[in-house]
Amino acid sequence: MKYVNKSVMKKDAMALVTGKPVYTDDIAPKDALVVKVLRSPHAHALIKNVKKDVALKVPGIEGIYTWEDVPNTRFTTAGQTYPELSPYDRKILDNRVRYVGDAVAIVAGENEKCVDKALKMIKVDYEVLEPLMDFTKALDNDIIVHPEDDWSVKLPVSPDVKRNLICHDVIAEGDLEAEFEKCDYVIEETFLTKANQQTMMETFRAYTYMDAFGRLVCVASTQVPFHVRRILSHALDIPKSQIRIIKPRIGGGFGAKQSVVCEIFPAFVTYKTGKPAKIVYSRQESTVASSGRHQMQVTVKLGADKEGNLRAASLYTLSNAGAFGDHTPTTITLTGHKSLPLYTSNIKAFKFEFDGVYSNTIPTGAYRGYGATQGVYALEVTMDKLALKMNMDPVKLKEKNLIKQGDYMPAYHGETANSCTLDKCVDKVKKMINWYEKYPCKQVSDNKVRSVGLAVAMQGSAISFVDVASVRISVNDDGFYSMMVGATDMGTGCDTILAQMAAECLDTDIDNITVYGVDTDISPYDSGSYASSTTYLTGKATIKTCEMLREQIIAAGAEMLELNPEDVDFDGQKVYSIVSEKEISLKDIANNVMCYSNHTLTASAKEKTPISPPPYMAAAVEIELDKETGHIDILDYVACVDCGTVINPALATIQTEGGIVQGIGMALYEDIKYDKNGRMINDSFMQYKIPTRLDMGNLRVEFESSYEPTGPFGAKSIGELVINTPSPALCQAIYNATGIWFNELPMTSEKIAMGILEKELENK
């Protein structure tokens, strides 16, 4: 193949590295009203009165809006396919605030200076209520986060809002208790993972204006343009036909921009005033008033026979939604569905149960890995502990029970693993890191020890029976192609990857294909860039579209050659006769179609999927741990990924490296903390620590390709999978160095040092 499985440079690479104005704030109109939000200092309170008369007198202030000025409708900001599973529990502004940072008022003015001044002059009279900060005590608590009567959900997820319960379910197969009774070894462990923030470089931002026809136009840094249109329609109570969403380049999303975090505020201002408006979140706002990862408590129980064969498994997840329920019913399901199948293809019984609950903490949403990250951490560490209990090599226990190609996966919606090289991935990472030479650890000085850890993971490729993707490609004069996609490139390079597939199918040069970003007025509908769907699902739509377009080109060429379509073929440059020497170039076909012709040379196709083929990954890490300080240096992190056919090895490698670094941050550094009043105390990069390149040693990535028969050119997804292995791999490495297990993330240096000290005191 000419382009597929080749490291083609991203189409927007030069524009980005040369600093072209391509991002939202770069292209916002200079006369746009500046919009900012007054936020609650209380975790739970009722707003009795907002005094804004003095603030309105500040020169340049256009308007100040409170809960009394906005539509009285509830909606969800979760950008998911309709009907959403997330509850309709928000208003643009409400008279009840549910976390520190909740929106109280919208202020719009001619410039930032006057808006900042007005914000300080607004006086709010609050009736402060007791907050519910501990999500493990949320169920049936006397404090009800959402006591309103107009709370609703579009799909049955077994909610009971008066119990603070958003969703509940039990998925089971076999007689679990009977199987546990037969097991020679049984282990049960409970894990706590903290909330995390995506910390993408470009904070939340959007601008809005009314077009010449009186329609609301919103230009936003979003992963889900079509969902933004629907959500704005619900929130503002105006028809979707009156709203247009345009997506420019995105400076990172990682799931944060799968929620409509900021777009509603300038949209409301423009709808009220008719003037253009923009909002740009500060880093602090993007940290305390956004849609980070769900905090979760995960309990895993495993049972095995004397030979190390798993016979029974159960997993229970309690998920903290925070103040609102965005993405909670969907994120929580992945903790079990995308962890248990790693080992449960041959077990006799399993159960997966979950509860999603409200609290008065920062609202959560989508984050790369989307629940699988938390579930894989809990399951993998439990497997390591089970091996220790059995006096067995943990890697050998995992290899004995690993999912293999052709296995039935009862815990994964009953799908079959049609493509899987996870066993080969494990073999490769063991060789890459010299596993048995370094396992479990080596003392390198009085205080420092080097150790290794290994973990495996899986994810999915789009949401089966839900997601859809569409592509439209046209032949223009002179024979170049315009490719319209509804999928959102958020820095992953999906525009390039889809163009690679199209170029391969159309036998043309990739530079002959112009890919256009998403505009809901002209782009074909796509669910959006989330759930690891773009390469797999939009790629399939691309192939289907190209096949249709080739038929149109052949039909047009045959007519111009006065031949039957079955007597000609197309080689990307020309349509030629297979029975004579007649031929006509694509350039001539395209130009001739412009005059007295019924041929449109435009094709569009849509794709859905009844399955979600999992990509797989194995990874191993070598660390050096200082027993005096608890500090960890990552010396080497090796990974091997099975994402089917790798469409663009360079972009796939970068995706893997980036996901690993994010996972390391979750494992070792990122720790959202609240004071006694519910305020997040580490709300900037001075306190909220994320890893930099200086914190990493070697990062090495290889691929062990399977061939997914339902995927485009045999491809599966990669984007989310790659964040899932660091937490369990590092947890095992820390145990191998110290003899201490950590069932709570992050595993900070302070926790490690204190754990070592406590262990030493116990041994005295």
Side-chain angles (χ1 to χ4, degrees), residues 1-4 6-18 20-24 27 219 221-226 245-251 253 468-529 533-550 553 572 586 590 601-607 647-648 650-652 654-655 712-713 715 719:
M1 290 182 284
K2 185 177 180 182
Y3 288 110
V4 168
K6 301 296 189 296
S7 294
V8 176
M9 187 174 72
K10 284 180 62 180
K11 277 187 164 289
D12 60 354
M14 293 308 296
L16 298 181
V17 300
T18 56
K20 299 294 184 185
V22 295
Y23 295 105
T24 302
I27 57 178
V219 181
S221 180
T222 177
Q223 298 171 225
V224 286
F226 288 94
I245 311 297
I246 300 171
K247 178 210 75 76
R249 304 312 299 173
I250 299 178
V468 294
S470 303
V471 171
R472 182 166 64 249
I473 305 178
S474 301
V475 182
N476 301 296
D477 42 333
D478 282 359
F480 76 94
Y481 297 93
S482 295
M483 185 175 184
M484 297 294 302
V485 297
T488 307
D489 191 331
M490 52 179 164
T492 56
C494 75
D495 287 358
T496 304
I497 289 169
L498 296 172
Q500 285 179 254
M501 295 186 196
E504 199 71 58
C505 293
L506 295 169
D507 293 310
T508 191
D509 191 280
I510 192 170
D511 291 331
N512 201 39
I513 298 177
T514 301
V515 185
Y516 291 90
V518 186
D519 180 331
T520 56
D521 269 10
I522 56 179
S523 300
Y525 180 83
D526 190 285
S527 301
S529 289
S533 63
T534 305
T535 296
Y536 177 73
L537 197 60
T538 313
K540 290 165 67 174
T542 298
I543 292 174
K544 188 185 290 188
T545 301
C546 290
E547 290 172 349
M548 296 167 59
L549 187 58
R550 286 184 71 98
I553 293 169
L586 178 62
L601 300 191
T602 296
S604 183
K606 191 174 183 179
E607 189 61 63
I647 302 298
N648 189 316
L651 294 180
I654 292 168
Q655 282 283 291
F713 299 99

If only atom types and distance count, is the side chain of Thr508 paired as donor or acceptor with the main-chain N or O of Gly572 below 3.5 Å? no
Do Pro248 and Val219 have side chains that approach each other closer than 4.5 Å (heavy atoms only, starting at C-beta)? yes
Considering non-hydrogen atoms only, spot the tightest contact between Met490 and Ser529 and give its length. CE-O, 3.7 Å
Show the nearest heavy-atom pair for residues Thr24 and Ser221, with the distance to one decimal. OG1-N, 3.5 Å
Hey, could you give me the OG1/CG distance between Thr602 and Leu549, rounded to the nearest 0.5 Å? 7.5 Å
Between Thr534 and the options Thr492, Asp526, Leu498, the side-chain contact (heavy atoms from CB on, under 4.5 Å) test singles out Leu498
Nearest-0.5 Å distance, CZ of residue Arg472 to CE of residue Met548: 11.5 Å
If the threshold is 4.0 Å, N to carboxylate O, is there a salt bridge linking Glu607 and Lys544? yes
Kindly say whether Ala590 contributes a backbone atom to a donor-acceptor pair with the side chain of Asp477 at under 3.5 angstrom? no
Under 4.5 Å between any side-chain heavy atoms of Val515 and Val485, yes or no? yes
I'd like to check Leu16 versus Val22 (side-chain heavy atoms, cut-off strictly below 4.5 Å). Are they in contact? yes
Atom pair CD1 (Ile543) and CZ (Phe713), whose distance is rounded to the nearest 0.5 Å: 4.5 Å
Can you name the nearest heavy-atom pair linking Val4 to Gln500, along with the distance? CG2-O, 4.3 Å
List the steps and the verdict of side chain to side chain donor-acceptor pair (under 3.5 Å) for Tyr516 and Asp495. CA-CA 8 Å; Tyr516 291 90; Asp495 287 358; over 6 Å; no
Heavy-atom side-chain contact between Phe480 and Ile513 under 4.5 Å: no
Just do the side chain to side chain donor-acceptor pair (under 3.5 Å) check on Asp519 and Ser523 with the steps written out, would you? CA-CA 5 Å; Asp519 180 331; Ser523 300; 5.9 Å; no
Hey, could you give me the NZ/CG distance between Lys10 and Asn648, rounded to the nearest 0.5 Å? 10.5 Å
As an exercise, state the distance from CG of Asp521 to CD1 of Ile245, rounded to the nearest 0.5 Å. 9.5 Å
Name the one of Leu506, Ile553, Asp478 that satisfies side-chain contact (heavy atoms from CB on, under 4.5 Å) with Leu586? Ile553
Is atom NZ of Lys606 surrounded by more than 12 heavy atoms (other residues, nucleotides or ligands) closer than 6.0 Å? no
How close do Thr222 and Val224 get, heavy atom to heavy atom, and via which atoms? OG1-N, 3.0 Å
Flag the pair Asp507 and Arg550 as a salt bridge only when some basic side-chain nitrogen lies within less than 4.0 angstrom of an acidic carboxylate oxygen. yes
When you measure from the side chain of Glu504 to the backbone N and O of Tyr3, does any donor-acceptor pair fall under 3.5 Å? yes
Decide yes or no for Met9 and Met14: does some side-chain heavy atom of the first lie under 4.5 Å from some side-chain heavy atom of the second? yes
Here the pair of heavy atoms bringing Thr535 nearest to Pro712 is O-CG, 3.2 Å
Are any of the side-chain heavy atoms of Asn512 and Tyr481 separated by less than 4.5 Å? yes
Thr545 (side chain) donor-acceptor with Ser604 (main chain) under 3.5 angstrom: no
Quick one: pull up NZ in Lys11 and CE in Met483 and give me the separation to the nearest 0.5 Å. 9.5 Å
Would you say the side chain of Val518 lies within less than 4.5 Å of the side chain of Ile246, judging by non-hydrogen atoms? no
Any salt bridge linking Lys247 with Asp489? Criterion: basic side-chain nitrogen under 4.0 Å from a carboxylate oxygen. no
Minimal non-hydrogen separation, Ala502 against Cys546, with atom names: CA-SG, 3.7 Å
How about Met484 and Ile522: do any of their side-chain heavy atoms sit closer than 4.5 Å? yes
